[in-house]
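Note that the structure is a prediction, hence the values are computed from the model and not measured.
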Amino acid sequence: GLGLFISGRPAGCAPPGACFRGPRGREDMDMNESDILLQTMTDKMTLYRQTIENGRAEKRVIYRGVPCALSRTAITAAPNAPALRSPMPEPLYRLSLHMPAGTVTLAGDTAEITRHGQVFTCSLSGSIGYPSHSVCVAEIREVKQHD
């Protein structure tokens with residue numbers, strides 16, 4: 001409970017905000033912010049990058065099986081409703097993609113993200129890195145059932 005916290009942070013943790021103590025305050029339950037966020041990253045990502053090799057464009061795997069989390073935030077939007085004569089909503093929409101610290105994406109990278117039996121195919125923005133995680137925008141192009 002609250003007895004574990006001194007000056008707004010768990011006793012014995014420095015710097016402030018760098019440590020989380022489990023509900024019973026046991027040492028083996030200590031987790032930093034990166035560890036906590038990693039537990040929420042239940043999706044898996046394969047990231048591809050376009051490279052030039054011997055004058056030819058190639059799509060290379062940069063990361064495979066990286067834990068991540070697709071998320072809707074205030075800066076993302078749902079697909080627009082279908083136009084009067086269109087049978088489907090627009091196919092593109094944006095979600096935030098949270099990744100482990102040190103994961104780097106470049107504008108134009110593409111990814112396949114597996115989440116709850118679905119595969120999201122998307123284009124990515126450049127990532128912003130934080131000490132605890134990285135984040136980028138994923139423009140979803142297609143969603144299909146995972147085989």
Under the side-chain contact (heavy atoms from CB on, under 4.5 Å) rule, what do Tyr130 and Leu37 come out as? Steps first, then yes or no, please.
CA-CA 12 Å; Tyr130 299 98; Leu37 289 172; over 6 Å; no
Tell me the closest heavy-atom pair linking Pro131 and Ala101, and the distance in Å.
O-CB, 3.5 Å
Identify every side-chain donor-acceptor pair in residues 52-68 under 3.5 Å, counting partners at least two apart or on other chains, and give the distances.
unit_1: Glu53; atom_1: OE2; unit_2: Arg60; atom_2: NH1; d: 3.3
unit_1: Tyr63; atom_1: OH; unit_2: Val104; atom_2: N; d: 3.1

Report the residues that fulfil side chain to side chain donor-acceptor pair (under 3.5 Å) with Ser34, sequence neighbours left out, ordered by chain and then residue number.
none
Set out, in order, the CA-CA distance, both residues' side-chain angles and the distance that settles side-chain hydrogen bond (donor to acceptor under 3.5 Å, both in side chains) for Arg141 and Ser123, then state yes or no.
CA-CA 7 Å; Arg141 298 189 174 281; Ser123 295; 2.8 Å; yes
Starting at CE of Met99, measure out to CD1 of Ile128 and round the result to the nearest 0.5 Å.
9.5 Å
Nearest non-hydrogen partners of Ser134 and Gly102, listed with the distance:
OG-N, 3.7 Å
Are the side chains of Ile140 and Leu95 in contact, using a 4.5 Å heavy-atom criterion?
yes
Show, in sequence, the C-alpha distance, side-chain angles and deciding distance for Leu70 and His98, and conclude whether the side-chain contact (heavy atoms from CB on, under 4.5 Å) test is met.
CA-CA 6 Å; Leu70 283 170; His98 300 267; over 6 Å; no
Heavy-atom distance under 4.5 Å between the side chains of Val119 and Ile113, does that happen here?
no
Could you please spell out the steps behind the side-chain contact (heavy atoms from CB on, under 4.5 Å) verdict for Asp43 and Thr114?
CA-CA 6 Å; Asp43 307 336; Thr114 303; over 6 Å; no
Under the 3.5 angstrom rule, does the side chain of Asp109 hit a backbone N or O of Leu124 as a donor-acceptor pair?
no
Measure the OH-OG1 distance between Tyr48 and Thr121 for me, rounded to the nearest 0.5 Å.
8.5 Å
Does any N or O in the side chain of Ser125 come within less than 3.5 Å of the main-chain N or O of Val137, such that one atom is a donor and the other an acceptor?
yes
Do Arg49 and Leu106 have side chains that get closer than 4.5 Å, going by heavy atoms?
yes
Side chain to side chain, His133 and Leu38, heavy atoms closer than 4.5 Å:
no
Shortest non-hydrogen contact from Gly126 to Cys136?
O-CB, 3.8 Å
Do Val135 and Leu47 belong together in a cluster built from hydrophobic side chains that touch within less than 4.5 Å?
no
Between Thr46 and Glu112 (side chain of the first, backbone of the second, donor and acceptor by atom type, cut-off under 3.5 Å), is there such a pair?
no
